[in-house]
Amino acid sequence: IALVLANRAVAKGATMRYGAHVAEIRTQRGKVSGVVLESGEVIAADVVISNADVAALSAGLFGDNARQATPRVSAQQRSLSAFTLALTAKTAGLALHRHNVFFSNDYKHEFADIANHARLPQSPTVYVCAQDRDDASVASVEQERLFCIVNAPATGDTHVFTDAESDRCQDATFALLNQHGLQIEHDASTTRRSTPTDFAHRFPGTGGALYGRAPHGWMSSFQRPSAKSKVPGLYLTGGSTHPGPGIAMAALSGQMAATQVLKDLALTDK
């Protein structure tokens, strides 16, 4: 999806720049005036669309002026993070579908570990995406690609998750899968794992939270920032904004941001 959008943008005259990290979103007379890159280069702009997690904005990671764009997301308001395993392996026993969920033997204990003790769960629920499975649950290769996700606390900015912690969670993950009849012949050389600490480094300001604000309560979706921020000319998009996380929702948020930008520009031209 990202590649298709980029190619479409280029076809319409856009210039794509990769690896150009933004250090600051600038404003002048209370309105967006452009961005400053880490290299020091200044790019003037009447409109800036940010698809970073909104927590990075409110934490001041794009400068004090952009901090005012959206209310601060506290650590208590964060969504879950994750412990993940990306691997290629041979499986046996249970026939996987493309999407699979193996529930914890002790759901209450799982979330007590996460919420009360801020640690990786000792009795996890595991989501497994079997990327090489077709609609008939048949794998197209012997060594298939698997992506496993375990719920985890979004404390990656205050706690460094150690290899020992990861080892215990990984062992508990494979033990649960084996209990459900799924055997995975995994090898460390073909396994890549990520912790909340890794996600916190990848998405600064979030603590590793993967979904913006916690999606608790019927009003949670409406508490997410809309496309139009409190800073004129600065618009927001991505999984931490309305309507929510996930590819479909994030794509909708991009559409909403584009619609709002065009609407505001039309009003400005009048």
Side-chain angles (χ1 to χ4, degrees), residues 1-6 79-111 113-114 119-154 156 161 163 165-203 206 208-212 214-215 238-240 243-252:
I1 292 176
L3 182 60
V4 169
L5 289 173
S79 66
L80 291 170
S81 185
F83 171 78
T84 67
L85 297 167
L87 64 153
T88 55
K90 184 178 180 180
T91 65
L94 185 69
L96 288 169
H97 299 284
R98 181 179 291 271
H99 301 288
N100 313 265
V101 179
F102 300 87
F103 287 99
S104 167
N105 294 319
D106 191 341
Y107 216 46
K108 187 175 181 179
H109 189 194
E110 174 187 7
F111 283 95
D113 278 343
I114 295 170
R119 65 189 180 194
L120 299 178
Q122 298 173 353
S123 180
T125 290
V126 183
Y127 163 77
V128 179
C129 178
Q131 301 174 58
D132 295 305
R133 296 278 171 165
D134 59 19
D135 291 340
S137 299
V138 176
S140 58
V141 292
E142 183 177 24
Q143 294 284 330
E144 56 182 311
R145 296 170 297 165
L146 303 174
F147 186 58
C148 308
I149 302 177
V150 170
N151 293 320
F161 287 81
D163 286 341
E165 290 175 281
S166 295
D167 288 343
R168 286 193 293 270
C169 191
Q170 179 173 311
D171 290 344
T173 296
F174 287 123
L176 177 73
L177 299 180
N178 189 68
Q179 179 184 332
H180 284 276
L182 176 63
Q183 292 87 47
I184 299 178
E185 296 181 15
H186 58 94
D187 186 280
S189 64
T190 58
T191 301
R192 172 71 180 271
R193 61 191 188 187
S194 298
T195 70
T197 303
D198 298 312
F199 289 116
H201 289 160
R202 190 176 301 174
F203 307 109
T206 67
L210 299 182
Y211 316 106
S240 63
I247 291 176
M249 296 296 194
L252 281 174

Exercise for the section: Taking the side chain as every heavy atom from C-beta outward, state whether Glu110 and Asp106 have any atom pair closer than 4.5 Å. Expected result: no
Output for pair (Leu96 CG, Phe102 CZ), nearest 0.5 Å, gives 5.5 Å
Side chain to side chain contact (heavy atoms under 4.5 Å, CB included) filter on Ala136, not counting sequence neighbours, yields Asp134, Val138
His186 and Ala89 have their tightest heavy-atom pair at CA-CB, 4.2 Å
Indicate yes or no: does Arg133 engage Glu144 in a salt bridge with an N to O separation below 4.0 Å.
yes
One should read off an interatomic distance between Gln131 CD and Thr88 OG1, to the nearest 0.5 angstrom, of 10.5 Å
Next on the checklist: Check the orientation of Tyr107 and Phe111. Use parallel for under 30°, tilted for 30 to 60°, and perpendicular for over 60°.
Outcome noted: perpendicular
Inset, instruction - Begin from the C-alpha positions of Asp198 and Thr195 and carry the test side chain to side chain contact (heavy atoms under 4.5 Å, CB included) through to its verdict. - result: CA-CA 5 Å; Asp198 298 312; Thr195 70; 3.3 Å; yes
dist Thr197:OG1 -> Glu165:CD (nearest 0.5 Å) comes out at 8.0 Å
Original post:
Would you call Asp167 and Arg193 a salt bridge, taking side-chain N to carboxylate O under 4.0 Å as the test?
Top reply: yes
Heavy-atom closest pair (Phe199 atom, Ala82 atom, distance to 0.1 Å) is CE1-O, 3.4 Å
Of all heavy-atom pairs linking Gly208 and Ala154, the shortest is C-CB, 4.3 Å
Counting distance only, does the side-chain N/O of Thr190 pair as donor-acceptor with the main-chain N or O of Leu87 below 3.5 Å?
no
Backbone N or O of Ser104 within a donor-acceptor pair of the Thr125 side chain at under 3.5 Å? yes
Note: Leu177 and Ile184 closest approach over all heavy atoms is CD1-CD1, 3.6 Å
Please confirm whether the backbone N or O of Arg168 pairs with a side-chain atom of Asp171, one donor and one acceptor, at under 3.5 Å? no
Here the pair of heavy atoms bringing Gly212 nearest to Ser240 is CA-CB, 3.8 Å
For Arg98, I'd like to know if atom CZ has over 12 heavy atoms of other residues, nucleotides or ligands within 6.0 Å. yes
The reported gap from OG in Ser81 to CD1 in Ile114 (rounded to nearest 0.5 angstrom) is 9.5 Å
With heavy-atom distances below 4.5 Å as the criterion, would you say the side chains of Leu85 and Leu146 are in contact?
no
Exactly one of Asp113, Leu210, Val126, Leu80 clears side chain to side chain contact (heavy atoms under 4.5 Å, CB included) with Asn151, and that residue is Leu80
Heavy atoms of Ala152 and Phe83 approach each other most closely as CB-N, 3.8 Å
One should read off an interatomic distance between Asn100 CG and Tyr127 OH, to the nearest 0.5 angstrom, of 7.5 Å
Donor-acceptor check, side chain of Asp132 to backbone of Ala139, threshold 3.5 angstrom: yes or no?
no
Separation between CG (Leu120) and SG (Cys169), nearest 0.5 Å, reads 4.5 Å
